[in-house]
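Contents: one structure, followed by commentary.
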There are 2 protein chains.
Amino acid sequence: MDWAEQAKSRLEEAGFRTGAARRQVIELLGDESCAVTALEIDRRLPRVGRASVYRTLEQLEQLELVHRVDVGGEVVAFERNDPGGHHHHMVCVRCGRLVPFSDPGLERAIEAIGAKAEFEITAHDVLLRGVCPRCSERGN
Amino acid sequence: MDWAEQAKSRLEEAGFRTGAARRQVIELLGDESCAVTALEIDRRLPRVGRASVYRTLEQLEQLELVHRVDVGGEVVAFERNDPGGHHHHMVCVRCGRLVPFSDPGLERAIEAIGAKAEFEITAHDVLLRGVCPRCSERGN
DNA sequence: ATCTGTGCAAATAGTTTGCATCCTC
DNA sequence: GAGGATGCAAACTATTTGCACAGAT
């Protein structure tokens with residue numbers, strides 16, 4: 001069962017009805033393996049009201065089916081929670097390109113911090129900023 | 001020489017004049033060891049226009065005297081760049097409290113990623129989310 | 001005296017809310 | 001048929017921009 005199907009089931013279980021807007025947002029997110037902004041979703045789904053996009057994202061977030069990705073402060077992006085597909089991002093400071101990566105050493109280091117911290121850590125984000133190979137080549 | 005003095009010198013070197021707004025914003029940031037939002041700065045400096053706060057922060061960021069801290073997506077905070085004072089943050093998902101921490105193991109893991117990545121990594125952010133001891137005590 | 005820096009107010013951008021209507025159950 | 005879901009438009013919040021004037025050099 002792919003992510004979109006699973007998301008629909010979970011929403012149904014949670015007592016939500018299935019309308020057109022929600023279905024389309026979920027399907028779009030399911031097709032996208034990396035982060036998408038709310039406005040991009042809105043742009044790509046002209047028949048869906050902007051408010052519905054935000055409402056759906058909020059519900060999905062609460063059900064832990066998607067999570068927020070902060071990639072610069074201006075805009076917030078969302079991406080689906082793939083079980084076992086935990087990853088972080090590198091963002092190109094020139095062109096804004098977002099590239100996912102994952103690294104066991106990094107996860108271990110973060111776990112170690114969580115173990116000795118006073119906070120009860122439940123989630124973490126890592127964002128590496130730099131210049132992507134493409135932008136690096138073409139000058140500068 | 002403290003951070004505020006240094007910041008003023010660097011601005012002067014860069015050809016900026018020293019007006020009242022910039023001075024006050026810089027002094028406030030110098031007194032604050034952790035992140036402050038633009039709006040908080042504006043609130044705490046009633047005689048300074050909001051626009052000047054944002055303009056100053058932008059200039060300071062370009063001169064690498066402050067850097068952005070994304071702590072949840074809604075608001076962006078800024079904090080001074082202390083040479084050698086590199087750190088990250090834990091944010092409490094209940095009360096929003098922001099606590100700085102630093103960890104050599106984490107830094108090492110990130111350096112290792114940078115060494116083998118295709119991106120030329122120039123900066124990184126880590127944000128740990130969880131529940132702070134205070135909120136954890138007073139019942140869930 | 002010149003030209004940058006500043007404050008104010010208006011403009012923008014992203015997100016949220018109110019509400020009448022549509023559609024699922 | 002009832003109540004949640006949706007789209008539209010208006011409200012809000014954070015940030016940016018335009019502009020006349022004050023102030024630094």
Side-chain angles (χ1 to χ4, degrees), chain A residues 4 7-29 35-63 65-79 96 98, chain B residues 4 7-29 35-63 65-79 96 98:
Chain A
K8 286 179 205 160
S9 309
R10 298 259 288 130
L11 280 165
E12 207 173 326
E13 281 169 37
F16 290 103
R17 294 184 185 174
T18 309
R22 217 138 44 202
R23 194 177 324 119
Q24 291 179 67
V25 171
I26 289 174
E27 279 163 9
L28 190 155
L29 281 167
V36 203
T37 68
L39 284 174
E40 189 178 342
I41 295 174
D42 181 56
R43 244 177 278 126
R44 285 166 57 177
L45 299 176
R47 326 200 53 163
V48 174
R50 183 161 304 180
S52 298
V53 172
Y54 284 103
R55 279 187 287 237
T56 301
L57 289 170
E58 195 186 329
Q59 292 158 353
L60 291 173
E61 193 185 13
Q62 275 172 355
L63 292 174
L65 290 162
V66 303
H67 64 98
R68 252 162 236 268
V69 178
D70 293 331
V71 20
E74 321 86 42
V75 194
V76 182
F78 292 82
E79 81 187 350
L98 205 60
Chain B
K8 286 179 206 161
S9 309
R10 297 259 288 132
L11 280 165
E12 209 172 326
E13 279 169 38
F16 290 104
R17 295 182 183 175
T18 310
R22 214 132 54 195
R23 194 178 325 121
Q24 290 179 68
V25 171
I26 289 173
E27 278 163 9
L28 189 155
L29 282 167
V36 203
T37 68
L39 284 174
E40 189 179 341
I41 296 174
D42 181 55
R43 244 178 276 125
R44 284 166 59 176
L45 299 175
R47 327 201 52 165
V48 174
R50 185 162 302 180
S52 298
V53 172
Y54 283 104
R55 281 188 286 237
T56 301
L57 288 171
E58 195 186 328
Q59 292 158 354
L60 290 172
E61 193 185 12
Q62 276 172 352
L63 292 174
L65 290 162
V66 304
H67 63 99
R68 253 162 236 269
V69 178
D70 292 330
V71 21
E74 321 89 41
V75 194
V76 182
F78 292 82
E79 79 187 352
L98 203 62

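Quick note on labels: first sequence line is chain A, next is B, and so on, each numbered from 1.
Looking at residues two or more places apart in sequence or on another chain, you find a side-chain hydrogen bond (donor to acceptor under 3.5 Å, both in side chains) between B:Q59 and B:R22. Residues meeting the side-chain hydrogen bond (donor to acceptor under 3.5 Å, both in side chains) test with B:E61, sequence neighbours left out: B:R68. The side-chain hydrogen bond (donor to acceptor under 3.5 Å, both in side chains) check on A:R55 picks up nothing, with sequence neighbours excluded.
Smallest separation of non-hydrogen atoms from A:L63 and A:A14: CD2-CB, 4.1 Å. Between A:A7 and A:I26, the shortest heavy-atom distance links the atoms CB-CG2, 4.0 Å. Between B:L57 and B:A38 the shortest heavy-atom distance is CD1-CB, 3.8 Å.
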Does the side chain to side chain contact (heavy atoms under 4.5 Å, CB included) test come out yes or no for A:I41 and A:T56, once each step is laid out? CA-CA 11 Å; A:I41 295 174; A:T56 301; over 6 Å; no
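Which of D:dT6, C:dT15, D:dA14 sits closest to the side chain of B:L39 comes down to D:dA14.
Take the nearest nucleotide of DNA chain D for B:E12 and for B:R55: the residue whose nucleotide is more 5' is B:R55.
In the region residues 44-54 of chain A, proximity to DNA chain D at under 4.0 angstrom, judged on heavy atoms, holds for A:R47, A:V48, A:G49, A:A51, A:S52. For the contact set between residues 13-26 of chain B and DNA chain D, defined by any heavy atom under 4.0 Å, the members are B:R17, B:T18.
If you take CG of A:D70 and P of C:dT15, they are 11 Å apart, rounded to a whole angstrom. Distance, A:L11 CG to C:dT24 P: 16 Å, rounded to whole Å. Atom CG of B:D42 and atom P of C:dA9 are 13 Å apart (whole Å). Rounded to whole angstrom, the span from the CD atom of B:E58 across to the P atom of C:dT6 amounts to 14 Å. The CD-C1' distance, from B:E40 to D:dT15, rounds to 17 Å in whole Å.
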With a 3.5 Å cut-off and sequence neighbours excluded, list the donor-acceptor pairs that the side chains of residues 43-51 of chain A form with protein atoms.
residue	atom	partner	partner atom	Å
A:R44	NH1	A:E32	OE1	3.4
A:R44	NH1	A:E40	OE2	3.2
A:R44	NH2	A:E32	OE1	3.1
A:R50	NE	A:D42	OD2	2.9
A:R50	NH2	A:D42	OD2	2.8

